[in-house]
Every structure is written in structure tokens, then in C-alpha cells.
**Q** 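Here you go, one structure.
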Amino acid sequence: MSSYNNNTALFAAARRVAIFGGTHGNEMSGVTLANLWAKNSAEIQRKGVETRAFIANPKAVEKCIRYVDTDLNRAFSPENLSSLGGDTLPYEVQRAQEINRIFGPKGSPEAYDVIFDLHNTTSNMGSTLILENSKDSFNLQMMNYIKKAIAPASCLVLLNEHPHLKYSTSRSVAKHPVGLEVGPQPQGVLRSNIFQAMRVILKHALDFIELFNEGMEFPPCTVEVFRVLERIDYPRDANGNIIAMVHPNLQDCDWEPLNPGDPMFQTFDGQTIHYQGPGTVYPTFINEAAYYEKQQAFLTTRREALVASSIRKA
Ligand SMILES: CC(=O)N[C@@H](CC(=O)O)C(=O)O
Ligand SMILES: [Zn+2]
């Protein structure tokens, strides 16, 4: 990337694109779409782009579980990607190395241009695109394009560039990593509305890449994002056992403002635990099934408007 006219960012054409499904083996919309498109890729091909659909964790897909040994979507750290040990390593670490060889190496000029990583959540989040970098104007412009293309349906953007809460995702191997999280959908279940919402977003995302590669210039824009602030755990006793549930007033209210003093948890004997933070936050991933093991009841976020410079192909 370099500069033009002080403010137009130039990016190389995005010629190599991948769509990952089954980074988590029990998130069925992504698994199903990736399998479908691996068999017949006509729907995901665009002029001037090669798009490859790929099942990221086939062993977990086969068993319909999130992972076999360790969470693949946390496994792309420099330590894991460079660790020796071959087939003595946890399955997902071996798989991360393999994915890094095929689609990376992470951080190198040979890496894929864009990876879309398809996920489903048990939370009532609707369609959510996940970014890891607030400075990537290519991705921000893509978000702006998708939001406009699917209106009046909505699609929110979650920005995870938190110094401690950010994790090393499968998609992070690409130059422009894009997560797509759609819910609510139970683990191991396929819901037609969720499947369809995911499919439509991918269509617009690929259209954007085609237009970009054809030389279209995208003018500066602002994109509303929800920036990850804090992880909130369930209340627990001294032995680490959960002693309260997400409060009924908060359950299913992803992206709605949570104010200091609002109900947050309900104990088993009916007592309310209130949110005590300093100001209004926007909770998301509320009561996500996969996050019980991560000691996370929900994430708090803050609304921000990010500015994307104009972009065009170098
Ligand atoms: C429910 C779920 O798996 N969510 C994803 C979010 C992401 O892709 O960043 C994860 O925790 O890896
Ligand atoms: Zn997932």
C-alpha cells in the first residue's frame, strides 16, 4: 500500500480469495456453504479473482464438535506456526501450520489477499462482520459496501483489536482477514434464515472485490463499528461454579445499550445482579454456548465511527 493525492490508499488487486467454513466443526451454515462451494464454485467466482472454498477443521466437522484438541481459531500465533514436533503436536496446531503453508505464510507477500471465515453463534447477534484492524481501509470500504448493499437488512461490524482480548484467528493468515458471524443458530443445527443471510453477505463481499479489481475508486467513508472493550464472566462461587444466568432483560439483547444499573445476571434464587460499569456499553456474544469454557458470558463494546480513506487498485 502507498499513498496517492495524500489520501487515496492504493492496494494490489485481490486476486486470491478464500472462504473458510468449519473453523469450528459444529457451526453448520459455514460448514454447509463451504462444502457446497468446494463441490461447485460457480457462485463464488468473479472476473479477475480466484476464490477457493475450504473446510478449515475437517476432523471437527466430521465429529460435529468445535475442535478436537484445541480451538483452531486461537491457534495461529507465531509460536504455534513455528513450533516443531510434527504429528506429536495437537491436531489443530498441525492444521494451523498446514493452513499457513497453503494460504500464507502469515504476514508475507505470498499470503492470500482475503480470507472470509464463516462462523455461527448461539447469540442473537444477527449478521456481524468481524475486523481485527481499524486502519485497513480496504476492509473498511468492503464493510461500507456490504452494509449499503444489504440495506434495509442490517449487518454490524465488530472490531476486535483489543491488546489482550484479540486472538490469533484462522483468517489472520490473509492480508485482509474478515470474520462473518451469523446468529442465532444452535450448535450442530442448520437454520435456513441464517444460512441465507450468510450467503447474501458473501455475494456482496465478492462483488466488492470484483469492482475493486476492475479499477473502481471508492471515495472516503465512515463506518460504524463496535469496538471490543471487555470480557464479562458469569458470577462464580469459590470453586469456580457458575451461580447466575444471563438476566432475562439482557438475554437476546445483543447490540442494545446496557447502562450502569441495568440488570445483567439473575441468580438461581432470583436475585438480580446489575451492570456496574462507568457508562453505556453495547453487549454482544450474549450467552454464546462456546464461551462457557472461556469464562465469558458476553463482551462489551463501544460504538465508534471509523474513517476509511478512498481506495483504488495500485
Ligand atoms: C462463536 C465463535 O466461534 N465466535 C468466533 C468469533 C471470531 O471468529 O472471531 C470465535 O470465538 O472464534
Ligand atoms: Zn466459530
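Here the structure is a predicted model, which is why all the values come from computation and not from measurement. As the structure lists them, so they are numbered: ligands from 1, and atoms in each ligand from 1.
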**Q** Check this for me - ligand 1, Asp117, N or O atoms closer than 3.5 angstrom, yes or no?
**A**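 Looking only at distances, the answer is no, because the N/O contact criterion of under 3.5 Å is not met.
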**Q** Taking only heavy atoms of Tyr167, which atoms of ligand 1 are found under 4.0 Å from at least one of them?
**A**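 The atoms of ligand 1 under 4.0 Å from a heavy atom of Tyr167 are 6 (C), 7 (C), 9 (O), 10 (C), 11 (O).
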**Q** Would one find an N, O or S atom of Glu181, in either backbone or side chain, under 2.8 Å from the Zn ion (ligand 2)?
**A**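 Looking at Glu181, which is the residue asked about, there is no N, O or S atom under 2.8 Å from the Zn ion (ligand 2).
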**Q** May I ask you to say whether Asp113 pairs ionically with Arg15, meaning some side-chain N is under 4.0 Å from a carboxylate O?
**A**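 Salt bridge absent between Asp113 and Arg15.
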**Q** Using a strict 4.0 Å threshold on nitrogen-to-oxygen distance, state whether Arg95 and Glu98 make a salt bridge.
**A**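 A salt bridge links Arg95 with Glu98.
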**Q** Is the backbone N or O of Asn160 less than 3.5 Å from a side-chain atom of Glu132, with the two atoms forming a donor-acceptor pair by type?
**A**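 Checking the backbone N and O of Asn160 against the side chain of Glu132, no donor-acceptor pair under 3.5 Å is found.
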**Q** At less than 4.0 angstrom from any non-hydrogen atom of Ile130, what atoms of ligand 1 do you find?
**A**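 Once the distances to Ile130 are compared, the set is 6 (C), 7 (C), 9 (O).
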**Q** Distance under 4.0 Å to a non-hydrogen atom of Glu288: what atoms of ligand 1 satisfy this?
**A**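 Close to Glu288: 1 (C).
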**Q** Against heavy atoms of His119, which atoms of ligand 1 measure under 4.0 Å?
**A**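 Answer, ordered by atom number: 3 (O), 5 (C), 8 (O).
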**Q** Are Arg302 and Glu304 ion-paired here, with the side-chain N under 4.0 Å from a carboxylate O?
**A**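 Looking at Glu304 together with Arg302, the answer is yes, because their closest N to O distance falls below 4.0 Å.
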**Q** Just to confirm my output: which protein heavy-atom neighbour is closest to atom 3 (O) of ligand 1, and how far is it?
**A**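 The answer is Arg66 NH1, 2.9 Å.
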**Q** Quick check: closest heavy atoms across Lys106 and Phe76, and the distance to 0.1 Å?
**A**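 Looking at all heavy atoms of both residues, the shortest contact is NZ-O, 2.9 Å.
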**Q** So among Tyr234, Phe298, Phe285, which one has a ring-ring contact (aromatic ring centres under 6.0 Å, His included) with Tyr292?
**A**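 Only match with Tyr292 under ring-ring contact (aromatic ring centres under 6.0 Å, His included): Tyr234.
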**Q** Is Glu43 salt-bridged to Lys203, going by a charged N under 4.0 Å from an acidic O?
**A**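 So Glu43 does not pair with Lys203 through a salt bridge.
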**Q** As a test of reading the structure, name the N/O/S atom of His119 that is nearest the Zn ion (ligand 2).
**A**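 Considering only N, O and S atoms, His119 comes nearest to the Zn ion (ligand 2) through ND1.
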**Q** Run the side chain to side chain contact (heavy atoms under 4.5 Å, CB included) check on Phe208 and Phe138 step by step: do they pass?
**A** CA-CA 10 Å; Phe208 167 85; Phe138 178 88; 3.9 Å; yes
**Q** Among the N/O/S atoms of His24, select the one at the shortest distance from the Zn ion (ligand 2) and name it.
**A**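 Result for His24 and the Zn ion (ligand 2): ND1.
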**Q** Show me which atoms of ligand 1 lie under 4.0 Å from any heavy atom of Arg171.
**A**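 Those of ligand 1 that fall under 4.0 Å from Arg171 are 7 (C), 8 (O), 9 (O).
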**Q** Is the shortest distance from a heavy atom of Arg74 to ligand 1 less than 4.0 Å?
**A**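 Yes, that is the case, since the closest heavy atom of the residue is under 4.0 Å from the ligand.
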**Q** To the nearest 0.1 Å, how far is atom 6 (C) of ligand 1 from its closest protein heavy atom, and which atom is that?
**A**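 Sorting protein heavy atoms by distance from atom 6 (C) of ligand 1 puts Glu181 OE1, 3.2 Å first.
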**Q** Side chain, backbone, both or neither: which part of Gln296 comes within less than 4.0 Å of ligand 1 when only heavy atoms are counted?
**A**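 Neither; no heavy atom under 4.0 Å.
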**Q** Where is the nearest protein heavy atom to atom 12 (O) of ligand 1: which residue, which atom, and how far?
**A**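 For atom 12 (O) of ligand 1, the nearest protein heavy atom is Asn73 ND2, 2.8 Å.
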**Q** With the threshold set at 4.0 Å, does a side-chain nitrogen-carboxylate oxygen contact exist between Lys294 and Asp233?
**A**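 No, Lys294 and Asp233 are not salt-bridged.
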**Q** Examine His24 against ligand 1 and note whether any of their N/O atoms are separated by less than 3.5 Å.
**A**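 N/O-N/O distance below 3.5 Å exists for this pair.
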**Q** What is the nearest protein non-hydrogen atom to atom 11 (O) of ligand 1, stated with its residue, atom name and distance?
**A**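 Of the protein heavy atoms, Tyr291 OH, 2.5 Å lies nearest.
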**Q** Does Lys59 qualify as a cation-pi partner of Tyr91, given the criterion of NZ or CZ under 6.0 Å from the six-membered ring centre and within 45 degrees of its axis?
**A**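 Positive - Lys59 is close enough to the ring of Tyr91 and near enough to its axis.
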